[in-house]
Protein chains: 2
Amino acid sequence: MDPHLLTTFVTVARHGSFSAAAAELGYTQSAISQQIAALEADLGLALLSRRPVEPTPAGRRLLEHAGPLLLRLRAARADVLRAAAVPRHRLRLAATPLAVNPVLALRLARARAEQPRLEVTLHTCGREEVGAMVAEGEADLGLADGIAAPSDPLRLPDAGPMTAAGVTEEELVVALDAGHPLAGRAALRLADLVDARWLQTPLCPLARLRDLMGDGFPVALDYQGDDVHTVVNLVAAGHGLTLLPASALPACGTAADRPVALGVPLAAPRLVHRVELLHGALPAGPAADLARALSG
Amino acid sequence: MDPHLLTTFVTVARHGSFSAAAAELGYTQSAISQQIAALEADLGLALLSRRPVEPTPAGRRLLEHAGPLLLRLRAARADVLRAAAVPRHRLRLAATPLAVNPVLALRLARARAEQPRLEVTLHTCGREEVGAMVAEGEADLGLADGIAAPSDPLRLPDAGPMTAAGVTEEELVVALDAGHPLAGRAALRLADLVDARWLQTPLCPLARLRDLMGDGFPVALDYQGDDVHTVVNLVAAGHGLTLLPASALPACGTAADRPVALGVPLAAPRLVHRVELLHGALPAGPAADLARALSG
DNA sequence: TATAGTTACGGCTCACGTAACAATT
DNA sequence: AATTGTTACGTGAGCCGTAACTATA
């Protein structure tokens, strides 16, 4: 169970090939073969079937552990080094696309106005990656968004000792096209939308809604990207419903020349769009200042 | 950050001595010295001060990570092996002292009556150790108790992918001696007991109450052991208050010849004594049967 | 001066690379 | 026949033990 062998194992499993893993890790094919053999001998189990190279049931099980385990290992290293590092004035921020809402964008602007020496780099990526970047010290602060009951914390994947605190909560709206039968409503209940046609996007994972409401939420279109602008255009064109924070929809009313997406407030269940600030323990100097500023 | 070096590091830190760690791990003093040097070189930080041997701030930080990390590593190994192992008829149970209440003791008896071939070993230990034993596969099932709001899960320390499900919830009572000024009350509010004299025991950690209610709960006596019988006798003798599940107190009323502990129901906040069943994913065969039986 | 951690050095293990081999398509 | 994983074997890095050294109480 040497982490070294574990890394090799996940790489081989990911590529489905010993040679490809060897190329990526800078070893020879032979070394990879020996490493996998060593891991299998250590556990006394076959972890991969050969030709084609695929994880066995035991291998799949190990894969579920290996990722988080290696992440925590890197996170621990990063955390110890971070605690001893000198505070930098170049801060790296990682955020999910919907996390940088108008409120937080303004707070960030104010903080930068107050501390002109501060250099900020902002990087957009998925939830898991935000968590991983903060845990591994690749980002000083992270902003992750999600759907939760008011004042409830988000259920973020565990990436080791890390602090998460809510910074904004905002009304959730059901986004739909202007011609949709429900467009005129003053408010909607999620229970009434279980059988509507939904847009599947990483921005609003339907699995989360099914957790809350049970089965349903059929997928009309699956959009794999995370671009908010694209999602809004897809909604406007009638590809399906999705949940968005109110501020993610354009403020204007109707437009004659193109389809428009409308937001109808969600009446029940009581849910909000919540953004949480992530950071390793003890954010030092500038990072702590910025964290305070973002918390409002 | 080799786990091997990490284990050496925690052992040295625990003993406060290189030689003692060497003795425990079966190495020479010299090897330990080289291992610590290697770890410090890898991180580029001093982790231990010498003479006396104590962790530096960076070392303390690493210690916070190392324990859970090594536990998860052992847990992952155990989980993979468990999934591939043949189901056994000798089941090992780990439980905290207050977890085996009358209800669960009866359910266990019924299960054993229905499956005569089943051999059960029961081991009592602290919360963390129950979690660790289940995670590492040293126990097939675990029972951990704690204080929580009704239907709320316990906040158990994370020991990797493990399933926890509530099995019983029971009324909490404030245990006090018969001569206590509050002994006559029909019910008590925790808020009124903030300044009372409390018994500190692992069975009812006052830190948990302070989390809920803020500071207070002064310690009259700190009992380091976890024997329920002893705690009840201490309470009866007037050493202080504690919270216990109603079933932990003797059923009888008063006795002339010796001091008696009484239980007064806790009216507010609404809290219960909750027991959760812990198991690794996929409990196989007999373990799954027993888990079902204990869940009622 | 005694105790305890560090450094020097030698031996041995083990992990990797080269290269020949085997198995699958 | 080509591709890809396995096995054999030699080399070199690294880890541990012995022993000499050093620093602290």
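What separates OH of Y27(B) from C1' of dT18(D) is a distance of 17 Å, to the nearest Å. D2(A) has its CG atom 9 Å from the P atom of dA15(C), to the nearest Å. Rounded to whole Å, the distance from NE2 on H15(B) to C1' on dG5(C) is 17 Å. Going from atom CG of L39(B) over to atom P of dG14(D) covers 16 Å, rounded to whole Å. Atom P of nucleotide dA15(C) and atom CG of L25(A) are separated by 16 Å, given to the nearest angstrom.
Over its length, the helix from dT1(C)-dA25(D) to dT25(C)-dA1(D) turns its helix axis by 30°, as judged from the five terminal pairs at each end, rounded to 10°.
The side chain to side chain contact (heavy atoms under 4.5 Å, CB included) with C204(B) is formed by just one residue from the set T242(B), L199(B), V231(B); it is T242(B).
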request  = Report the C-alpha separation of L39(B) and L62(B) in whole Å, then their side-chain angles, then the decisive distance to 0.1 Å, and conclude whether the side-chain contact (heavy atoms from CB on, under 4.5 Å) test is met.
outcome  = CA-CA 11 Å; L39(B) 189 59; L62(B) 183 57; 4.2 Å; yes

key: side-chain contact (heavy atoms from CB on, under 4.5 Å) between L48(A) and T56(A), worked out   = CA-CA 5 Å; L48(A) 293 167; T56(A) 62; 5.6 Å; no

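No more than 12 heavy-atom neighbours from other residues, nucleotides or ligands sit within 6.0 angstrom of CZ on R90(A).
A donor atom on one side chain and an acceptor atom on the other are not found under 3.5 Å apart for S33(A) and Q29(A). For the residue pair T8(A) and Q35(A), a side-chain donor N or O sits within less than 3.5 Å of a side-chain acceptor on the partner.
For dC16(C), the OP1/OP2 oxygens have a side-chain nitrogen or oxygen of Q35(A) closer than 4.0 Å.
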Report all interatomic pairs (protein N or O, nucleotide N or O of nucleotides 2-6 of chain D) with separations under 3.5 Å.
residue	atom	partner	partner atom	Å
dT4(D)	O2	R51(A)	NH1	3.1
dT4(D)	O2	R51(A)	NH2	3.2
dG5(D)	OP1	F18(A)	N	3.2
dG5(D)	OP2	S19(A)	N	3.2
dG5(D)	OP2	S19(A)	OG	2.6
dG5(D)	O4'	R51(A)	NH2	3.2
dT6(D)	OP1	R50(A)	NH1	2.1
dT6(D)	OP2	S33(A)	OG	2.6
dT6(D)	OP2	R50(A)	NH1	3.4

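Using a 4.0 Å cut-off between a side-chain N of Lys or Arg and a carboxylate O of Asp or Glu, D140(B) and R92(B) qualify as a salt bridge.
Nearest-nucleotide positions on DNA chain C for H4(A) and A37(B) put A37(B) closer to the 5' end.
Sorted by first then second residue, the ring pair (Phe, Tyr, Trp, His ring centres under 6.0 Å) pairs that include residues 26-63 of chain A, not counting sequence neighbours, are H4(A)-Y27(A).
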